[in-house]
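Before any comments, here is the structure.
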Amino acid sequence: MRKLLLLALAAVALTASAQPPSSLKDAYKDLFMMGVAVNQRNITDSAQSALVVREFSSMTAENDMKPASVHPRPDTWTWERADRIADFCRHHGIKLRGHTLMWHNQMCDWMFYDADHRFVSKDTLFQRMRQHIHTVVNRYKDIVYCWDVFNECIADGPRRLDADGHDQPLRESKFYQICHSDEFIRKAFEYAREADPDALLFYNDYNECDPVKCDRICTMIRSMKADGVPIDGIGMQGHYNIYGPSEADIENAVSRYADIVDHIHMTELDIRVNREMGGQLQHSDNAGATLTDTLLRRQQAQYAAVFRVMRRHADKVDCVTFWNLSDRDSWLGPDNYPLLFDRNYQPKPVYHTVRDFE
């Protein structure tokens with residue numbers, strides 16, 4: 001009788017272990033966090049918020065913590081939307097990625113100009129940056145575990161040589177036009193560390209698997225860390241498509257970044273079904289294109305490639321974040337079909353490719 005009971009218990013245990021995990025965060029709990037970028041609707045609609053809580057262990061505010069959103073004028077702070085996201089995370093025990101303290105886009109442009117709309121001095125710029133960074137970081141330091149301190153400073157395209165024959169890697173942003181060096185990036189990390197010594201601090205960029213851009217990112221981060229700039233991690237945005245980057249290029253980029261920093265996050269993952277990549281968005285709506293079986297298989301294969309690489313590097317990868325909850329929410333438009341949930345917030349076949357990874 002005892003033997004039969006033990007056999008029965010073993011059979012139950014085997015059946016239970018054969019069951020697929022109940023969620024993305026459950027499937028990856030022993031590897032890294034699974035995250036999602038959210039808008040206000042995602043956390044106020046009951047069905048969508050339940051989906052967020054069930055599937056994800058980390059969240060990012062898609063737009064509501066960016067400089068222009070919280071600090072539109074020098075003496076004006078608009079906290080309501082960002083606070084709502086932070087409170088949602090506090091209530092549900094979800095970790096919050098801070099995004100983003102500084103960026104050339106969605107920036108509080110008043111930071112760059114004087115009363116006559118001329119560029120301020122770099123010292124004035126740094127004072128304004130420090131005040132903004134300290135105020136934002138201190139408001140959310142109880143819930144934000146890491147910050148994208150600076151977003152997208154590195155230029156795309158072929159190498160551009162300066163008068164001394166060196167590659168000039170930085171985007172010609174207003175920050176650069178005022179400073180004429182990378183000092184503004186270094187200062188932002190210093191100010192963020194002052195404000196929260198415990199938060200992980202990330203440099204975040206797209207097209208990060210392109211060999212030229214990867215070189216530029218590695219060169220910049222390596223130099224800054226050698227000079228004591230407190231950069232803890234690199235954010236690989238992951239705005240890919242079904243044709244690229246190749247698994248080899250993703251592997252190469254992750255391996256190179258892992259040699260420089262101890263923390264890698266994939267911060268904005270989506271895989272569109274056209275040939276655009278990174279910051280490109282010329283065809284946000286594919287004119288009602290159908291997600292054919294061929295496109296679906298390509299998308300499943302590309303997501304599988306991404307997660308093979310991330311899993312191989314789970315010793316350095318802390319979090320993989322999808323950029324938006326569903327195709328309906330995506331900045332790419334629903335007819336690019338970039339995410340794991342469709343426009344009705346139902347799991348697509350690619351969801352199971354990721355969750356039930358084999």
Side-chain angles (χ1 to χ4, degrees), residues 23-25 33-72 77-103 105-108 136 139-140 143-148 151-152 202 204 206 235 237-240 265-272 278-281 284-285 319-348 350-351 354:
S23 66
L24 295 168
K25 69 180 182 182
M33 291 182 288
M34 294 293 268
V36 62
V38 299
N39 57 40
Q40 294 293 308
R41 185 178 62 248
N42 299 149
I43 62 168
T44 54
D45 177 277
S46 60
Q48 293 175 39
S49 63
L51 183 63
V52 170
V53 171
R54 186 184 76 221
E55 297 288 340
F56 300 102
S57 49
S58 175
M59 273 175 42
T60 306
E62 180 186 12
N63 291 304
D64 292 325
M65 286 187 172
K66 290 173 179 172
S69 297
V70 298
H71 201 181
W77 295 88
T78 50
W79 298 114
E80 180 181 5
R81 297 168 72 88
D83 282 356
R84 191 177 293 127
I85 288 172
D87 287 342
F88 183 92
C89 288
R90 292 182 183 109
H91 179 74
H92 292 285
I94 299 175
K95 292 189 174 183
L96 181 59
R97 294 192 85 256
H99 177 83
T100 175
L101 292 173
M102 291 284 122
W103 189 23
N105 197 6
Q106 291 178 262
M107 188 62 198
C108 33
V136 175
R139 188 176 185 89
Y140 299 112
I143 187 63
V144 169
Y145 69 99
C146 70
W147 283 99
D148 291 330
N151 211 35
E152 302 175 7
F202 282 75
N204 190 47
Y206 67 90
Q237 288 190 11
H239 292 303
Y240 303 153
H265 288 190
M266 184 155 278
T267 56
E268 306 182 22
L269 179 60
D270 47 35
I271 298 177
R272 63 194 98 175
Q280 293 179 324
L281 185 55
S284 61
D285 186 335
C319 186
V320 174
T321 295
F322 296 89
W323 202 246
N324 301 117
L325 180 58
S326 79
D327 289 347
R328 176 186 176 189
D329 304 302
S330 175
W331 70 292
L332 299 168
D335 291 324
N336 273 315
Y337 307 100
L339 295 164
L340 306 190
F341 296 94
D342 66 22
R343 67 188 71 199
N344 296 313
Y345 298 93
Q346 297 304 305
K348 294 152 57 176
V350 71
Y351 167 87
V354 173

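Computed from a predicted structure; not experimentally measured. All heavy atoms count here, side chains included; hydrogens, waters and symmetry mates do not.
Under the 30°/60° scheme for interplanar angles, the aromatic rings of Trp331 and His239 are found to stand perpendicular. Ring planes of Phe341 and Tyr351: tilted class, angle from 30 to 60°.
In this structure, Ile94 CD1 and Met59 CE are separated by 5.5 Å, a value rounded to the nearest 0.5 Å. Summarising the geometry, atom OG1 belonging to Thr60 is positioned 9.5 Å from atom NE2 belonging to His265; distances are rounded to the nearest 0.5 Å. To the nearest 0.5 Å, the span separating CG on Asn344 from CG on Asp327 amounts to 10.0 Å. If you take OH on Tyr337 and CZ on Arg272, they are separated by 15.5 Å, rounding to the nearest 0.5 Å. Once rounded to the nearest 0.5 Å, the distance linking OG1 of Thr321 with CE of Met34 reads 9.0 Å. Residue Asp329 holds its CG atom at 12.0 Å from CG of Asp270, rounded to the nearest 0.5 Å.
Between Arg90 and Asp83 there is no salt bridge, since no side-chain nitrogen of the basic residue lies less than 4.0 Å from a carboxylate oxygen of the acidic one. Salt-bridge annotation for Asp87 and Arg84: absent, with no side-chain N of the basic residue lying under 4.0 Å from a carboxylate O of the acidic one.
Just one of Phe202, Tyr140, Trp323 meets the ring pair (Phe, Tyr, Trp, His ring centres under 6.0 Å) condition when paired with His99; it is Trp323.
Inspection of the Asn63 and Gln106 side chains reveals an N or O donor paired with an N or O acceptor under 3.5 Å.
Leu101 places none of its side-chain heavy atoms less than 4.5 Å from the side chain of Met65. At a threshold of 4.5 Å between non-hydrogen side-chain atoms, the residues Asn204 and Thr100 do not count as touching.
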